[in-house]
There are 2 protein chains.
Amino acid sequence: MTTNQNDTEEKIKEAAQRIFLEKGYEGTTIRDIAEAAQINTALTNYYFRSKEKLFWLVYESLLKEAIQSVQAILDKPIPMEEKLMGLIDHMFETQAANPNLSMFLMNECRRDPKSFAEKTGVGCHLLEGGFIQQFQEEVEKGTVTNVSAEHMLPLIFGLIQQIFVGRELHMHLFQVDESEFLTFAREQKRIIKDMLCTYLFKK
Amino acid sequence: MTTNQNDTEEKIKEAAQRIFLEKGYEGTTIRDIAEAAQINTALTNYYFRSKEKLFWLVYESLLKEAIQSVQAILDKPIPMEEKLMGLIDHMFETQAANPNLSMFLMNECRRDPKSFAEKTGVGCHLLEGGFIQQFQEEVEKGTVTNVSAEHMLPLIFGLIQQIFVGRELHMHLFQVDESEFLTFAREQKRIIKDMLCTYLFKK
DNA sequence: GTTTATTTTAAACGATTGTTTAAATTTTAT
DNA sequence: ATAAAATTTAAACAATCGTTTAAAATAAAC
């Protein structure tokens with residue numbers, strides 16, 4: 001009748017992810033997580049041994065998911081323009097659904113770069129796929145403006161991220177609520193797509 | 001011979017700014033600041049009453065300086081293209097000199113939005129100057145592409161910020177040091193300027 | 001030079017942090 | 001139904017947090 005093992009473990013993991021995303025590692029206490037998961041404080045240590053182990057479980061999961069979903073798009077066998085627009089749409093929706101994700105990943109990377117490099121070990125697999133090659137091919141074909149993919153890809157990531165990274169700042173500076181911000185964000189996305197296409201895919 | 005009043009007070013303020021920028025409010029301890037300033041822990045409270053008061057002193061100072069320097073550029077009586085390029089150069093140099101500033105301001109705004117709105121009280125004075133009017137005039141003249149200044153200005157801020165916001169992530173993902181990153185960043189700035197001009201100032 | 005005021009220090013304060021312990025409870029196995 | 005194992009709980013642990021205190025050291029005033 002009551003909760004079984006997996007139930008409690010999952011409840012803690014979900015609550016931990018929510019609170020860590022909102023407040024970061026240092027801003028989050030075990031008691032915050034326990035309260036959010038409606039369980040006893042000691043249970044987090046019973047199931048995950050330590051706050052740090054629980055954190056890295058959440059962190060790696062989020063990072064891996066983010067990277068894999070982007071990788072899947074970058075490796076699609078479709079034209080560059082369609083691919084980049086798809087990438088922008090995907091990142092936009094991802095971050096609209098979870099506005100804290102970008103800031104969280106970048107903050108925690110900055111807080112403990114060493115552990116980040118060690119534990120993720122992701123390297124730059126993102127660029128090891130066929131994306132760079134495809135980009136350069138289309139540059140040589142003349143269908144894409146002559147810039148390096150290594151500079152363009154982070155720029156595109158940043159273009160979408162910046163919308164949501166400045167979310168709270170924007171909402172409070174301009175006194176708008178979440179739905180108004182989302183309208184603003186979608187118009188920004190449209191402009192970004194427009195600008196990027198104008199620059200990269202001159203016709 | 002030894003330090004006088006202002007010396008110690010200034011030493012603490014400088015150390016506090018440095019540590020707060022690096023670790024944020026929650027990640028910084030009074031003892032961190034004391035060690036960095038090479039003074040006794042109790043002196044921070046002697047001069048600034050509390051950690052929070054010291055923090056807001058630093059925070060408001062940084063925020064005010066950032067806003068005023070941008071405001072000065074936006075209000076210059078020069079053509080839009082020159083103005084925006086100047087803005088990009090200024091923000092780039094500011095953030096290159098202090099890569100932590102953007103993340104710091106946005107994190108702390110997100111951590112305590114209420115206090116942010118109350119204590120800064122800056123409102124959206126940035127847009128109350130003549131910038132928007134000038135932008136719309138140049139749109140009507142046909143020298144600028146028809147987009148709203150309210151969407152374009154945050155986009156430009158974000159374009160530059162994103163370079164440095166992702167700094168640590170980039171450095172560790174691609175295994176480059178600070179000077180290599182700066183080279184990368186300058187090339188990104190060039191592309192951004194190029195892209196922005198292509199989009200806004202079609203000739 | 002003595003007294004007063006200011007600055008600095010070491011030590012401790014209560015509160016909160018992550019974690020552990022040992023007992024209580026529930027579930028599972030026989 | 002009983003014993004064993006797994007789960008949950010309340011309570012406490014040492015460590016660290018921001019802050020205070022009261023005495024020591026220095027500077028200023030007379």
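Because only heavy atoms are used, hydrogens play no part in the values below, and waters and symmetry mates are left out as well, while side chains stay in. Labels below follow one simple rule: chain letters A, B, ... track the order of the sequence lines, proteins then strands, and each chain is numbered from 1. No experiment lies behind these values; they were computed from the predicted model shown.
- Residue A:L43 places its side chain closer to D:dT8 than to any other of D:dT8, C:dT6, C:dT19.
- With rounding to whole Å, A:R31 atom CZ is found 13 Å from D:dC17 atom C1'.
- Side-chain atoms of B:T29 lie closest to D:dC17 of the nucleotides C:dT9, D:dT9, D:dC17.
- Taking atom CD1 on A:I12 and atom P on C:dG18, their separation rounds to 14 Å, with Å as the unit.
- Checked against D:dT19, C:dT9, D:dT9, the side chain of B:K51 finds its nearest nucleotide in D:dT19.
- Atom pair A:I30:CD1 and D:dA14:P shows a separation of 20 Å (rounding to whole Å applied).
- Atom-to-atom, CZ of B:F55 to P of D:dG18 comes out at 13 Å; the value is rounded to the nearest Å.
- Between B:E178 and B:R167 there is a salt bridge, since at least one side-chain N of the basic residue sits less than 4.0 Å from a carboxylate O of the acidic one.
- Atom CD1 of A:I192 is separated from atom CG of B:L155 by 4.5 Å, given to the nearest 0.5 angstrom.
- Among the heavy atoms of the strands, none lies under 4.0 Å from B:T44.
- OP1 or OP2 of C:dA10 lies within a sub-4.0 Å distance of a side-chain N or O belonging to B:N40.
- Atom CG of A:N45 is separated from atom C1' of C:dG18 by 7 Å (rounded to the nearest Å).
- The CD atom of A:E9 sits 13 Å away from the C1' atom of D:dA6 (whole-angstrom rounding).
- Between B:E22 and A:R110 there is no salt bridge, since no side-chain nitrogen of the basic residue lies less than 4.0 Å from a carboxylate oxygen of the acidic one.
- For A:Y46, counting side-chain heavy atoms from C-beta on, the closest listed nucleotide (D:dA6, C:dT9, C:dT19) is D:dA6.
- In this entry the distance linking CD of B:E52 with P of D:dT19 reads 8 Å, nearest Å.
- A:Y47 has a side-chain polar atom (N or O) that falls below the 4.0 Å cut-off from OP1 or OP2 of D:dT8.
- Going from atom CD of B:E35 over to atom P of C:dT9 covers 14 Å, rounded to whole Å.
- For the pair A:V147 and A:L200, the minimum side-chain heavy-atom distance is below 4.5 Å.
- At a threshold of 4.0 Å, the pair B:K11-B:E35 does not count as salt-bridged, since none of the basic side-chain nitrogens sits closer than that to a carboxylate oxygen.
- Phosphate contact (OP1/OP2 of C:dT8, side-chain N/O of B:T8, threshold under 4.0 Å): present.
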